[in-house]
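Reviewing the structure listed below.
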Amino acid sequence: MPAISASAPGKIILLGEHAVVYARRAIAIPVSQVQARTVITPLVRQPAGYIQVQAVNLQLDAPLAELPADDPIRQAVELTLGALNVQRAPAMHIRIHSSIPIAAGLGSGAAVSVAVIRAVSTYLGKPLPVEDVSALAYEVEKTYHGTPSGIDNTVIAYHQPVLFQKGQPIQPFSPGGKFTFLIADTGISAATREQVSGVRERWQADPAAYESLFDRIDALSGQAFQSLQAGDTEMTGRWMTENHHLLQQMGVSCSQLDELVNAALEHGALGAKLSGAGGGGNMIALVSDEHARSVEDALRSHGARQVIQTGLE
Ligand code: PMV
């Protein structure tokens, strides 16, 4: 059997994180500048059923059977074998490498799952359709994050900009013009699970206030969906910044995220907000070509560890 490889991109959420967990609309786009990649090669000297996993970024190199039962890579492999009804796969070596920062709101967990599910199913000669890849990655996300909305696995598996709402058919869309985003990392790692459960506690303590915040975010996602398709960068930026203010009120921003958002806006960004679960991780800024450089410099001088440029055309 020849070696097989599969890749999956990172992602950013343009609007609607957290509210999306409560069945409101959100918009996410893939980020191809960072990738998770899985390469599978046959192990000719090992018996059928033997699987070795090497996750380069995690310094992990172990037989699959020795990983904890809730390990996300083990789950991705076993769920794929289960979906394909394969009891004993030919012996294989699974190598995973990712350039997506971990615990930074860029979807590294979902991207690794998608790349593994794709590679394993292709290696077994039964490549799964995108909806099955996304559904299996969602199962892995559940153990990882508790109550995921499903937006990460969807945008990453489909590799397209999407308007996402839990329980609704996904709406891929094409932007009506060029949009350039800078993604700046605070360098603070924040677990999605904790941010999501913090919002849940505050929502339980004051449901009326949080329902209203979720509704306002939902409306912003709806408006941004229109402005993105119309190619209207100014309005899209405005909705993003308004979304950041609502996320601040939800208690998921932090001083470093706010500082980067303010620095971006002061240096000409059309809009800026935290992206993903918050508490650290990344923020995003929508920039014109004219201001891209000055905003990037401002982000770096205000503490951004890494700045990635991505876009939609
Ligand atoms: O994985 P992150 O950090 O991009 O967060 C995902 C976005 C949330 O809305 C906070 C959680 C979810 O499941 O949608």
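Residues: numbered from 1 along the sequence shown. Order of appearance sets the numbers: ligands from 1, and atoms from 1 within every ligand.
- Residue Val21 has at least one heavy-atom neighbour below 4.0 Å for each of these atoms of ligand 1: 9 (O), 11 (C), 12 (C), 13 (O), 14 (O).
- Checked against a 3.5 angstrom limit, the closest N/O atoms of Val20 and ligand 1 fall outside it.
- Annotation: atom 1 (O) of ligand 1 to nearest protein heavy atom, Asp152 OD2, 3.2 Å.
- Using a cut-off of 4.0 Å between Lys/Arg side-chain N and Asp/Glu carboxylate O, Arg305 and Asp185 are scored as not salt-bridged.
- Compare Lys142, His18, Lys11 by their heavy atoms: the one nearest to atom 9 (O) of ligand 1 is in His18.
- Of the protein's non-hydrogen atoms, the one nearest atom 5 (O) of ligand 1 is Ala277 N, 3.5 Å.
- The closest donor-acceptor contact from the side chain of Ser134 to the backbone of Glu131 lies at 3.5 Å or more, if one exists at all.
- Among all protein heavy atoms, the one lying closest to atom 7 (C) of ligand 1 is Ile13 CD1, 3.5 Å.
- For ligand 1, the atoms sitting less than 4.0 Å from at least one non-hydrogen atom of Ile151 are 14 (O), numbered in the order shown with element in parentheses.
- Nearest protein neighbour of atom 13 (O) of ligand 1, counting heavy atoms only, is Ser149 N, 2.8 Å.
- The pair Lys142-Glu139 counts as a salt bridge, with a side-chain nitrogen and a carboxylate oxygen less than 4.0 angstrom apart.
- Counting only N and O atoms by type, the side chains of His244 and Asp258 include a donor and acceptor under 3.5 Å apart.
- Taking a cutoff of 4.0 Å between a charged side-chain nitrogen and a carboxylate oxygen, Glu296 and Arg300 qualify as a salt bridge.
- With rounding to the nearest 0.5 Å, the separation of CG in Leu213 from CZ in Arg24 is 10.0 Å.
- No donor-acceptor pair closer than 3.5 Å links the side chain of Asp132 to the backbone N or O of Leu128.
- Heavy-atom proximity to Pro148, at under 4.0 Å, picks out these atoms of ligand 1: 13 (O).
- Looking at ligand 1, you'll find an N or O of Thr192 within less than 3.5 Å of one of its N or O atoms.
- Ligand-side atoms of ligand 1 in range of Glu17: 9 (O), range being under 4.0 angstrom from any heavy atom.
- Looking only at distances, no side-chain donor or acceptor of Gln256 sits under 3.5 Å from a matching main-chain atom of Thr186.
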